[in-house]
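Right, one structure below, let's go through it.
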Amino acid sequence: MKGRSIIDSFNYAVNGIITAMKTEKNLRIHYITAIFVIGLSLFYNFTRLEFMLLLFAISLVLVAEMINTAIEKTIDIITRDYHPLARIAKDVSAGAVLVSTINAVVVGYLLFFDRINPLTNKILFKIQN
């Protein structure tokens, strides 16, 4: 019986991810970007630590976006009327997504810059010539 409960919990969680992806445009954008960045990272020689940092940064954005969605939907259930506290809750949760996204961009920049910069210089040199 316990095994069934764990499987049910897992299925509910997967259903939550799928529902969020179907209903939230920003989450789809984050997932597409994550897949692209992870795919791009496979062409560069990342250490395990670097790859782990990249995955943590990506996961943080996805988790923040899903929590933001949960907060927004919960507030929408509670009230359809404008309330300043509801606006603050929604804005703060959206701010958490922004902070996590900025973090992911900085992590990506730090990990990819040295690897992409020589390629960029070669391309610019060839274009100039």
Side-chain angles (χ1 to χ4, degrees):
M1 195 74 169
K2 269 192 172 185
R4 212 167 136 197
S5 174
I6 291 171
I7 290 172
D8 288 343
S9 296
F10 180 78
N11 287 334
Y12 293 140
V14 170
N15 187 46
I17 293 168
I18 292 168
T19 301
M21 283 185 55
K22 285 181 179 178
T23 61
E24 297 300 316
K25 183 180 91 171
N26 288 341
L27 189 60
R28 285 192 302 271
I29 291 169
H30 290 305
Y31 269 105
I32 290 166
T33 304
I35 290 167
F36 173 76
V37 170
I38 291 169
L40 184 64
S41 73
L42 299 176
F43 294 101
Y44 295 98
N45 191 22
F46 284 130
T47 65
R48 284 184 185 180
L49 179 61
E50 289 171 328
F51 191 68
M52 186 174 64
L53 290 172
L54 184 65
L55 290 179
F56 277 136
I58 290 169
S59 296
L60 179 63
V61 172
L62 298 175
V63 168
E65 186 66 54
M66 291 173 73
I67 291 171
N68 177 48
T69 298
I71 290 170
E72 287 180 350
K73 299 300 181 192
T74 302
I75 290 170
D76 290 345
I77 289 171
I78 294 170
T79 182
R80 292 282 182 199
D81 299 328
Y82 173 81
H83 193 285
L85 293 177
R87 189 187 119 247
I88 289 171
K90 287 183 173 188
D91 289 352
V92 169
S93 65
V97 175
L98 180 61
V99 168
S100 67
T101 302
I102 291 169
N103 173 71
V105 168
V106 170
V107 169
Y109 174 79
L110 293 173
L111 290 175
F112 282 100
F113 179 76
D114 288 339
R115 291 170 171 92
I116 293 177
N117 193 35
L119 179 62
T120 305
N121 288 336
K122 287 178 186 177
I123 292 171
L124 288 176
F125 180 75
K126 287 184 179 187
I127 290 173
Q128 287 174 347
N129 291 331

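All residue numbers in this chain count up from 1 along the given sequence.
- Thr79 approaches Asp81 most closely through the heavy-atom pair OG1-N, 3.1 Å.
- Here Leu111 contributes atom CG and Thr47 contributes atom OG1; the two are 8.0 Å apart, rounded to the nearest 0.5 Å.
- Residue Ala96 comes nearest to Ala64 through the heavy atom pair O-CB, 4.2 Å, listed as atom of the first residue, atom of the second, then distance.
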Begin from the C-alpha positions of Asp76 and Lys90 and carry the test side chain to side chain contact (heavy atoms under 4.5 Å, CB included) through to its verdict. CA-CA 10 Å; Asp76 290 345; Lys90 287 183 173 188; 2.6 Å; yes

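- Between Ile71 atom CD1 and Ile67 atom CD1 the span is 7.0 Å, to the nearest 0.5 Å.
- Cluster membership for Tyr31 and Leu60, using ILVMFWY side-chain heavy atoms within less than 4.5 angstrom, is not shared.
- Residues Phe112 and Leu40 meet the side-chain proximity criterion, which asks for heavy atoms closer than 4.5 Å.
- Residues Asn68 and Ala94 share a closest heavy-atom pair of OD1-N, 3.3 Å.
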Exercise. Apply side chain to side chain contact (heavy atoms under 4.5 Å, CB included) to the pair Ile38 and Leu55, showing each step before the final yes or no.
Key: CA-CA 8 Å; Ile38 291 169; Leu55 290 179; 3.8 Å; yes

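- Counting heavy atoms of neighbouring residues, nucleotides and ligands inside a 6.0 Å radius, atom CZ of Phe43 does not exceed 12 of them.
- Interatomic distance, NZ of Lys73 versus OG1 of Thr23, reported as 5.5 Å (0.5 Å rounding).
- Under the side-chain contact (heavy atoms from CB on, under 4.5 Å) criterion, Ile32 pairs with no residue, sequence neighbours left out.
- With sequence neighbours excluded, the residues that form a side-chain contact (heavy atoms from CB on, under 4.5 Å) with Ile88 are Leu85, Val92.
- When the side chains of ILVMFWY residues are joined at heavy-atom separations under 4.5 Å, either directly or via intervening members, Val107 and Tyr44 end up in a single hydrophobic cluster.
- Residues Phe36 and Leu62 are members of one and the same hydrophobic cluster, defined by side-chain heavy-atom contacts under 4.5 angstrom among Ile, Leu, Val, Met, Phe, Trp and Tyr.
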**Study point:** Criterion side chain to side chain contact (heavy atoms under 4.5 Å, CB included) on Phe56 and Asn103, from CA distance to verdict
**Key:** CA-CA 10 Å; Phe56 277 136; Asn103 173 71; over 6 Å; no

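- Note that CZ of Phe51 is 6.0 Å distant from CG of Leu42, once rounded to the nearest 0.5 Å.
- There is a path of hydrophobic side-chain contacts, each under 4.5 Å, that joins Ile17 to Ile58.
- Linking Ile, Leu, Val, Met, Phe, Trp and Tyr whenever their side-chain heavy atoms come within less than 4.5 Å leaves Ile75 and Val97 in two separate clusters.
- Distance check: His30 NE2 to Met66 CE gives 12.0 Å after rounding to the nearest 0.5 Å.
- In this structure, Asn45 places its CG atom where only 12 or fewer heavy-atom neighbours from other residues, nucleotides or ligands lie under 6.0 Å away.
- Glu72 CD to Ile77 CD1: the interatomic distance, rounded to the nearest 0.5 Å, is 12.5 Å.
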